[in-house]
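Worksheet: the structure to be examined is printed underneath.
Just so it is clear, the structure is predicted and the values come from calculations on it, not from any experiment. Each chain gets a letter, A, B and so on, in the order the sequences are listed, and its residues count up from 1.
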Amino acid sequence: MSARATLRAILRAPRRALAALAVGLALAAPATPLARDTLTIGITQYPSTLHPSIESMAAKSYVHGFTLRPITVHDAEWKVVCMLCERLPTIENGDAVPEMAPNGNPGIAVTYRLRADSAWGDGTPITTEDILFAWEAGREAATGIGPAELYRSLHRITVIDARTFTLHFDKLTFEYNAINELRPLPAHLERAIWQADPRAYRTRTLYDREPARPGLWSGPYRVVATQAGASVTLERNPAWRGREPAFRRIVIRTVENTAALEANLLAGQVDMIAGELGLPLDQALALERRAATRFRFHIQPGLVYEHIDLNLDLPALSDRRVREALVRAIDRDQIVQRLFEGRVPVAHSFVNPLDRMHDPTVPRIPFDPEGARRLLEEAGWRPGPDGIRRNATGERLSLELMTTAGNRSRELVQQVLQGMWRAVGVEVRIRNEPPRVFFGETLSRRRFQGMALFAWISSPENVPRTILHSTEIPTEARNWAGQNYTGFRHAEMDELLERLPITLEPEARRPLWRRVQEIYATEIPVIPLFFRADAHIWPRWLEGVRPTGHLAPSSLWVEAWRVAP
Amino acid sequence: MLRLVGARLVQAAVTVVLLSFAAYALIGLMPGDPIDLAIASDPRLSAADAERLRALHGLDRPLLERYLAWAVSALAGEFGFSRLFAAPAQEVLAAALVNSLALLLPTTLASAAIGIALGILAARRPRGAVDAIINAVAFAGIAMPSFWLAILLIILFAVVLGWLPAGGPPPEPTLSAWLRHLALPSLTLTTLGLAAYARQTRAAMIEALGEPWIRTARAKGAPPSRVLLRHALPNAAIPIVTVAALDFATLVSGALVVETVFAWPGMGKLLYDAILGNDYNVALLALLLAALVTLAASLAADLIQLALDPRLRR
Amino acid sequence: MSGRALSRFLAHRAGAFSALVLVALLAAALAAPILAEAMGHDPFAPDLFKRFAPPSAEHPLGTDELGRDLLLRLLYGARVSLAVGLGGALASALIGLAVGLAAAWWGGLVDAVLMRLADGLVALPALPLLIVLAAVDPARIGLPRGALAADLARIIVIVALFGWVKVARITRAAALSILRMDYARAAIALGVSPARLLARHVVPNLAGHVAVATTLSIGAVILLESVLSFLGLGIQPPAASWGAMLANAQDLVFSAPMAAVWPGLAIFVTVVATNFAGDALADALDPKAEARRG
């Protein structure tokens with residue numbers, strides 16, 4: 001295959017013929033490494049659709065990183081930056097202008113200008129028409145696009161010219177210029193299909209029917225072939241005007257079983273494992289101990305926040321002293337050190353230490369089993385004959401700890417915690433459920449009898465309104481919407497959560513964020529555990545991959561990936 | 001014979017209808033449909049969004065109504081679109097079915113052939129050396145979880161020796177690529193599958209060899225191989241045929257674990273994803289197929305038994 | 001079992017030895033708490049400073065991923081795995097035997113309904129049913145929550161629900177043939193009661209096939225338990241079972257293989273022992289053997 005590939009490379013890219021010839025010569029000498037014109041990446045998921053705005057899943061966003069450019073994105077520094085636009089609109093540079101929205105709320109008009117060199121893979125330039133189409137398709141209920149929040153608040157688009165447009169939002173938040181989710185769609189290919197029958201668009205879009213159409217893709221690479229459930233093959237996009245990426249072809253292979261994925265890496269069938277969808281951390285750390293010379297390991301701490309929600313409606317847990325005792329009883333540092341070699345940061349609140357609004361001066365609750373016992377005594381829980389504490393009415397301090405069944409890493413943490421709580425006289429019973437039952441019913445209908453261990457994925461400076469605001473407690477009347485599963489009610493927190501989004505000046509938000517973290521740490525509706533980390537495994541010859549730790553995949557910056565000289 | 005087949009066709013129709021409803025109801029009863037899960041994982045999704053998406057996918061209508069609508073169009077040969085894979089259900093299924101059959105048809109035939117042959121060999125001299133070795137092979141096949149056998153074979157042949165690919169479907173549709181990529185998963189499935197045949201055949205053969213007419217045949221001086229194959233085997237065939245029918249019935253259901261470890265996109269994985277993703281159209285089409293194959297296999301088993309045992313025809 | 005049957009069972013040397021092994025396994029499983037007491041550690045209390053310790057005097061087989069004694073966990077796991085494996089296989093066999101005999105004896109509509117039900121269970125994917133079951137809160141239907149015995153009973157019920165089909169089909173097929181044999185027809189003509197006929201003439205003649213099918217399934221049932229645990233339907237941590245120990249060792253197959261070898265070996269020994277014991281049992285119950293030797 002290599003010889004044939006080399007030949008094709010010569011035919012297709014004459015200006016690199018010399019280099020390719022050199023590669024051809026290298027092939028004759030078996031001792032030298034083969035041409036690195038193909039990069040094979042292993043991930044653990046296959047994207048069920050390749051359409052940019054239907055459903056969000058990590059595998060799709062990883063593939064799209066190579067093949068589609070968003071208008072704006074959070075970069076590796078966690079700042080909003082332009083990808084398809086020329087400059088980021090701000091109130092300061094005059095591209096964003098606050099205005100009164102038709103519904104009477106304060107709104108904002110934000111003007112973007114698309115880069116002149118941006119084009120679809122068939123050479124058609126990306127224009128305002130593509131933005132308009134994406135917006136129209138997105139806001140039409142029949143199209144069936146997931147979160148409609150963006151399309152709801154974006155009430156009007158004014159076209160200025162083929163590359164310039166103004167978005168009018170009916171609310172004004174500090175994230176007014178981040179439109180990471182408004183993905184342009186190739187109107188010249190897709191509009192007719194959508195217009196014919198919006199309801200059937202989902203099933204007729206070219207992204208899924210003919211994904212190899214060059215005009216669908218706008219990144220440094222385009223999709224040339226897919227093998228359902230197995231692999232997506234990308235090649236350089238000839239219409240790409242940015243820096244030329246290093247590899248002629250990238251193959252993204254799906255191997256769902258992580259032990260098998262590790263074997264594929266060791267057997268050389270994948271060159272690297274993408275941390276965004278890679279091995280569990282402990283498996284990767286074990287591999288690092290054995291194969292550090294063959295691969296480079298990069299552990300990227302991220303925004304995935306592992307924590308335990310406490311059901312505050314339970315009498316035992318409604319007592320703040322009991323909640324604090326539960327935190328004092330557990331040695332999170334030891335868990336992180338022993339299970340993850342200290343490679344993930346211990347969490348003291350939901351705000352990641354890498355987040356610009358993280359406040360390290362907020363008081364922390366230390367590991368202090370003596371203090372935990374004292375607090376439990378104070379709260380009226382005294383040791384019983386079996387070592388488990390009882391209150392005045394003889395009730396045992398026994399709580400249920402639930403999580404997603406089959407998640408080995410969570411089950412390990414669960415058992416360690418169980419042992420630590422047992423040591424201060426709290427009985428914890430483990431009862432796990434399949435993820436769809438756990439998330440779809442037990443958690444969202446607040447049926448857990450005590451504690452629920454799970455994770456949140458957020459974006460940088462994400463205001464936790466749906467998690468901590470008292471109106472976001474899921475109830476039957478609200479159709480179980482909202483994620484305030486603990487049932488946390490705190491008037492000051494409510495007010496802070498309302499003020500935060502509309503406070504535009506970052507420095508003015510800082511004290512508000514500090515107060516949010518303080519209330520979180522003293523009221524303890526949630527036991528913070530740690531932030532998860534992704535394990536990226538690269539071949540020694542690959543350089544320039546930069547994981548972000550948040551939802552934007554490293555593949556968005558593939559032009560910077562290089563073969564080491 | 002004709003009456004039997006006719007009766008079975010009627011039974012099959014009833015079974016398929018009941019089964020499809022049972023599956024529809026079960027998938028519908030599973031808590032946490034994909035929209036519930038989307039709400040739980042995506043804070044931006046509001047209650048109104050959820051309502052809208054439910055209505056769009058028709059998930060807001062009562063189960064029975066949805067089932068009837070599905071049944072009517074399925075009878076017309078219209079199986080609808082896959083909610084999960086955004087393609088016509090039969091297309092999604094066909095691709096997975098080809099992969100599964102390419103893997104399972106040869107391996108099921110091989111397990112049956114090798115298993116039965118080993119069973120006969122073992123039965124020739126029960127508790128002899130050959131029997132002991134065959135038993136050991138069979139026990140290893142029974143006790144070995146498919147994941148472990150698969151991963152050990154990958155480690156040996158792909159990681160250590162580097163002879164065969166660690167998994168995945170063939171990158172190009174050539175015969176040699178297919179064979180290379182099929183080698184390890186087939187080896188896994190055959191090793192695991194032949195154990196049941198070997199053990200069941202061995203037991204049935206030992207019993208058949210104890211029958212008086214075998215002793216008569218031997219006394220008359222029939223050669224041992226003839227006694228084994230012409231006299232004993234047909235009499236031992238009933239449990240073997242029963243086991244084989246059950247084995248062939250699962251041909252179109254795929255082999256979830258082996259498919260997952262070898263990253264082989266077949267029916268097992270598709271059915272698993274379709275059920276977890278509430279993809280009714282794909283799940284029910286797969287079920288329909290499985291039901292038809294099962295019913296056919298069970299009818300075939302009964303017909304073979306009839307052919308082997310003429311007394312049953314009375 | 002008659003005296004002669006017992007002597008035939010003991011004459012099957014591998015079978016008799018296997019029975020001994022099974023009894024020893026059961027005894028060791030029952031003695032697990034005593035041994036834990038004697039060794040002075042708790043196999044359910046994690047110790048993160050002793051993860052994956054190699055074998056030593058204190059931990060004869062080393063420790064697991066949470067620093068707990070592997071030997072003790074293996075013994076506690078034996079309680080769950082043997083109960084599920086033997087209980088599930090036995091329950092499946094009894095249901096299958098009853099269904100198969102009913103189908104063969106009555107024939108007609110009974111046969112059609114039972115056998116199509118069997119076909120249906122083969123075709124129906126188990127996953128949605130298992131998830132629906134996992135969502136049922138045991139407390140709401142009056143069962144104790146998180147009690148190991150209740151969990152075990154639930155696993156056995158689920159195993160039996162799907163496990164009876166093979167035995168039923170083998171039983172039916174064999175029983176149909178036997179009922180057409182001359183001696184069975186003679187017995188029917190003589191007016192022998194159906195129960196007596198089935199018990200004296202039919203069951204002993206098909207016991208061999210059923211014993212083989214049942215013992216064959218024990219290994220699969222022990223492993224199935226870990227699949228159920230994966231769905232939250234099996235046992236809950238920190239309780240141990242061989243299947244769950246094997247499943248948890250999957251990710252770390254390259255770095256900690258011994259965590260998988262021991263439970264794998266335990267399952268292997270159990271499978272071999274039950275199969276040989278099954279062979280011996282079939283020999284002992286086979287009436288033709290009696291005729292041959294008697």
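- Residues of residues 87-98 of chain B lying under 4.5 angstrom from chain A, judged on non-hydrogen atoms, are Ala87(B), Pro88(B), Glu91(B) by number.
- For Tyr305(A), the ring pair (Phe, Tyr, Trp, His ring centres under 6.0 Å) partners two or more places apart in sequence, or in a different chain, are His307(A), Phe531(A).
- For the ring pair (Phe, Tyr, Trp, His ring centres under 6.0 Å) test, residues two or more places apart in sequence or in another chain that qualify with Phe488(A) are His490(A).
- The choice from Ala263(B), Gly168(B), Gly162(B) that makes the most heavy-atom pairs within less than 4.5 Å of chain A is Ala263(B).
- Around atom CZ of Arg204(A), no more than 12 heavy atoms belonging to other residues, nucleotides or ligands sit under 6.0 Å away.
- The local environment of CH2 in Trp178(B) is crowded, with over 12 non-hydrogen atoms from other residues, nucleotides or ligands closer than 6.0 Å.
- In plain terms, the two heavy atoms of Ala230(A) and Pro265(B) that are nearest each other are CB-CG, 4.0 Å.
- Atom-to-atom distance recorded for Ile275(B):CD1 and Arg436(A):CZ is 10.0 Å, nearest 0.5 angstrom.
- For Leu276(B), the parts lying under 4.5 angstrom from a heavy atom of chain A are both the backbone and the side chain.
- Proximity to chain B (any heavy atom under 4.5 Å) is shown, for Thr203(A), by both the backbone and the side chain.
- The backbone N or O of Pro31(B) lies less than 3.5 Å from no partner atom in the side chain of Glu441(A), so there is not a single donor-acceptor pair.
- With a threshold of 4.5 angstrom between heavy atoms, Ala228(A) approaches chain B through N, CA, C or O but not through any side-chain atom.
- At a 4.5 Å heavy-atom cutoff, Phe262(B) makes no contact with chain A through either its backbone or its side chain.
- Within residues 62-77 of chain B, no residue has any heavy atom closer than 4.5 Å to a heavy atom of chain A.
- With a threshold of 4.5 angstrom between heavy atoms, Arg445(A) approaches chain B through side-chain atoms but not through N, CA, C or O.
- Contact record, Thr260(B) with Asn257(A): O-CB, 4.0 Å, taken as the closest heavy-atom pair.
- Closest of all the heavy-atom pairs between Ala263(A) and Val159(B) is O-CG2, 3.6 Å.
- If you measure heavy-atom distances from Thr143(A) to chain B, the contacts under 4.5 Å come from the backbone alone.
- Atom CG of Leu164(B) sits about 9.5 Å away from atom CD of Gln269(A), to the nearest 0.5 Å.
- In this structure, chain B has heavy atoms under 4.5 Å from both the backbone and the side chain of Asn264(A).
- Using a 4.5 Å cut-off between heavy atoms, Arg253(A) contacts chain B through its side chain alone, with no backbone atom that close.
- Of the atoms belonging to Ile155(B), not a single heavy atom falls under 4.5 Å from chain A.
- Neither the backbone nor the side chain of Arg465(A) has a heavy atom closer than 4.5 Å to any heavy atom of chain B.
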